[in-house]
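Please read the structure below before turning to the comments.
Residues: numbered from 1 along the sequence shown.
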Amino acid sequence: QVRLVESGGGLVQAGGSLRLSCEASGRTSSTYRMGWFRQAPGKEREFVAAINWSGYFTYYVDSVKGRFTISRDNAKHTVYLQMNSLKPEDTAVYYCAADSGGSVYSEDYDYWGQGTQVTVSS
């Protein structure tokens with residue numbers, strides 16, 4: 001079992017930055033593929049970014065490429081999502097996810113966090 005706890009969400013003006021963190025606990029979380037998803041009001045959950053266990057491979061949805069960066073610190077069992085040049089359309093609840101297998105291109109994850117709200121004002 002892997003437990004995920006997100007933090008770092010908040011209210012920011014358009015053009016600003018936020019860094020989300022997701023701390024994992026439980027069995028061998030440092031070897032898991034990690035991902036970030038988001039869900040805006042009235043919309044389906046959307047994949048945002050993923051990173052493999054070593055941090056060597058990453059993958060992003062086109063709408064965040066060049067603005068968001070996913071990274072991880074396995075010694076701290078934590079994955080990050082640095083979000084720059086934020087836009088109002090980035091407003092959503094952001095979820096961290098973990099899975100023991102698969103590639104960064106897969107959107108199937110076994111474990112999910114509770115989410116953290118990101119609001120970008122115009």
>> Test side-chain contact (heavy atoms from CB on, under 4.5 Å) on Arg19 and Met83; report intermediate values, then the result.
In response: CA-CA 6 Å; Arg19 187 176 81 156; Met83 306 185 295; over 6 Å; no

>> I want to know whether Tyr95 and Phe37 have ring centres closer than 6.0 Å.
In response: no

> OH/Tyr59 to NZ/Lys65 distance, rounded to the nearest 0.5 angstrom?
Replying inline: 6.0 Å

Just so I know, are the side chains of [X] and [Y] near enough to count as touching, which here means a heavy-atom distance under 4.5 Å?
X      : Y      : answer
Gln82  : Ser17  : yes
Val12  : Thr119 : no
Cys22  : Trp36  : yes
Ser100 : Arg33  : no

>> Is a donor from one side chain sitting under 3.5 angstrom from an acceptor on the other, for Arg3 and Tyr111?
In response: no

>> For Glu23 and Ser25, which I'm curious about, is there any donor-acceptor pair between the side chains at under 3.5 Å?
In response: no

>> Is it true that, when you exclude Trp53 itself, more than 12 heavy atoms of the residues, nucleotides or ligands shown sit nearer than 6.0 Å to its CH2?
In response: no

>> Among Ile70, Ile51, Asn52, which residue satisfies the side chain to side chain contact (heavy atoms under 4.5 Å, CB included) criterion with Val104?
In response: Asn52

> Would you call Asp90 and Lys87 a salt bridge, taking side-chain N to carboxylate O under 4.0 Å as the test?
Replying inline: no

> So, is the end of the Arg38 side chain (NZ or CZ) under 6.0 Å from the ring centre of Tyr94 and within 45° of the ring's axis?
Replying inline: no

> Minimum heavy-atom separation for Thr69 to Tyr60, with atom names?
Replying inline: CA-OH, 3.4 Å

